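Here the structure comes first, spelled out in structure tokens, and everything after it is commentary.
Counting from 1, the numbers follow the sequence of the chain as shown. Note that this is a predicted model, so its numbers are computed, not measured.
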Amino acid sequence: MSRQTIRGFHQRVGRSMTVQRRGIASAAPSASGHTSSPEHSATANLPSSAYLSPSGNPDFPEAATTGTPADLTRAQRRIIERIIRVDQAGELGANWIYRGQLAVLGRNKSLAELIQHMWDQEKKHIQTFDKVILQHGVRPTALYPFWKLAGWSLGAGTALMGREAAMACTEAVETVIGEHYNDQLTALSKVPHDHPSIPLLAKILAEFRDDELEHLDTAVENDSQKAPAHALLSAIIAGGCRVAIAASERI
């Protein structure tokens, strides 16, 4: 990896929190049509509540969570399958990253609460995609064991390097994931939105992207960029994430 590549990545992830959120989130609207906030994340009528709340979400009909489009072209169907497959796998990996971090840093009460909050949001994500993947009849990735092992190893490994390295891990991962969700929203715009499940999926992608950007902000606020060899560590983690995403879209 060249010094120029590392320096470019460092400049990108080293911006202020405001610039990070604007640079990623501006490519697509938030789940509610405005910039996310902690208060927004706690709103009961988020799109994911259509799957997770016993009363559903009044903004979406029942068919949005029980059916799948039957009139898509092969290319359009492939877009749906890749989005759902890789997102379920990625959220599984994220859960294991935070599990690994908490296993190492759990004795630090304030830090444990911070990690637990982010982990709880990732649990919401995987619970949602577990339902979405069944609804649309998508084959899950065959790389489940890899995602679990890689996620836990990455989380625990960076946590063993210290608090700042653990936060640098979160910063790098969430930078890639925020960009990835925006790419998916662009791809999904090419799929007809006649079936109510497609607008709901788009809203969920935006909602979860907002959550990931919140995690990115949290990492920066908690000294991620003070980690030893921050630029190199971030570049390695981000590169690994991109390889895993590409593999899980197909395998």
- Query: Cut-off 3.5 Å, side chains only: do E212 and H180 have a donor facing an acceptor?
  - Reply: no
- Query: Do you reckon L134 sits in the same ILVMFWY cluster as I198, going by side-chain contacts under 4.5 Å, direct or chained?
  - Reply: yes
- Query: Is there a side-chain hydrogen bond (donor to acceptor under 3.5 Å, both in side chains) between H215 and E171 once you walk through the steps?
  - Reply: CA-CA 7 Å; H215 300 171; E171 179 192 9; over 6 Å; no
- Query: Does the side chain of R77 come under 3.5 Å of the side chain of T68 through a donor N or O and an acceptor N or O?
  - Reply: yes
- Query: How about E91 and N95: does a side-chain donor come under 3.5 Å of a side-chain acceptor?
  - Reply: no
- Query: Are the side chain of R85 and the backbone of R139 linked by a donor-acceptor contact shorter than 3.5 Å?
  - Reply: yes
- R99/E122 ion pair, N-O < 4.0 Å: no
- Task: For the residue pair Y51 and Q127, establish whether any side-chain heavy-atom pair is separated by less than 4.5 Å.
- Result: no
- Message: Set out, in order, the CA-CA distance, both residues' side-chain angles and the distance that settles side-chain contact (heavy atoms from CB on, under 4.5 Å) for L188 and L201, then state yes or no.
- Response: CA-CA 9 Å; L188 192 61; L201 179 58; 4.1 Å; yes
- Message: If I compare all heavy atoms of M167 with all of N222, which pair ends up nearest, and what's the gap?
- Response: CG-O, 3.5 Å
- Message: Can you list everything that forms a ring-ring contact (aromatic ring centres under 6.0 Å, His included) with Y181? Sequence neighbours excluded, please.
- Response: none
- Message: Is there a path of hydrophobic side-chain contacts, each under 4.5 Å between heavy atoms of I/L/V/M/F/W/Y residues, joining Y98 to L102?
- Response: yes
- V138 versus R82: any side-chain heavy-atom pair under 4.5 Å? no
- Query: Looking only at heavy atoms, which two atoms of T128 and S48 are closest? And how far apart?
  - Reply: OG1-CB, 3.8 Å
- Search all heavy atoms of H195 against all heavy atoms of S197 and return the closest pair with its distance. ND1-OG, 2.8 Å
- Is it the case that one hydrophobic cluster holds both V104 and M161, taking links as side-chain heavy atoms less than 4.5 Å apart, direct or via other members? no
- Message: Can you confirm if the NZ or CZ of K148 lies within 45° of the ring axis of W152 and under 6.0 Å from the centre of its six-membered ring?
- Response: no
- Item | R74 and R78, any side-chain heavy atoms less than 4.5 Å apart | yes
- Query: What are the two closest heavy atoms between I126 and L92, and how far apart are they?
  - Reply: CD1-N, 3.7 Å
- Task: Determine the minimum heavy-atom distance between L105 and A166, stating which atoms define it.
- Result: CD1-CB, 3.9 Å
- Query: Do T218 and T170 touch side chain to side chain, with heavy atoms closer than 4.5 Å?
  - Reply: no
- Message: I'd like to know if K124 and D211 make a salt bridge, using a cut-off of under 4.0 Å between side-chain N and carboxylate O.
- Response: yes
- W119 with I177, same ILVMFWY side-chain cluster at under 4.5 Å: no
- Message: Side chains of Q101 and I97, heavy atoms from C-beta outward: is any pair under 4.5 Å?
- Response: yes
- Message: Please give me the minimum heavy-atom distance between N57 and N45, naming the atom from each residue.
- Response: ND2-O, 3.1 Å
- Message: The test is side-chain hydrogen bond (donor to acceptor under 3.5 Å, both in side chains); show your working for N182 and R209 and say whether it passes.
- Response: CA-CA 8 Å; N182 273 340; R209 178 207 55 202; 2.7 Å; yes
- Salt-bridge test for E207 and K203: reply yes if a basic N is under 4.0 Å from a carboxylate O, no otherwise. no
- Query: Taking Q184 for the side chain and I79 for the main chain, is one N or O donor matched with an acceptor at less than 3.5 Å?
  - Reply: no
- Give me the ring orientation class for F208 and H125: parallel if the planes are under 30° apart, tilted from 30 to 60°, perpendicular past 60°. parallel
- Query: Just by distance, do the side chain of T73 and the backbone of Q76 share a donor-acceptor pair under 3.5 Å?
  - Reply: yes
- Item | Hydrophobic cluster identity match, I84 and L205, side-chain contacts under 4.5 Å | yes
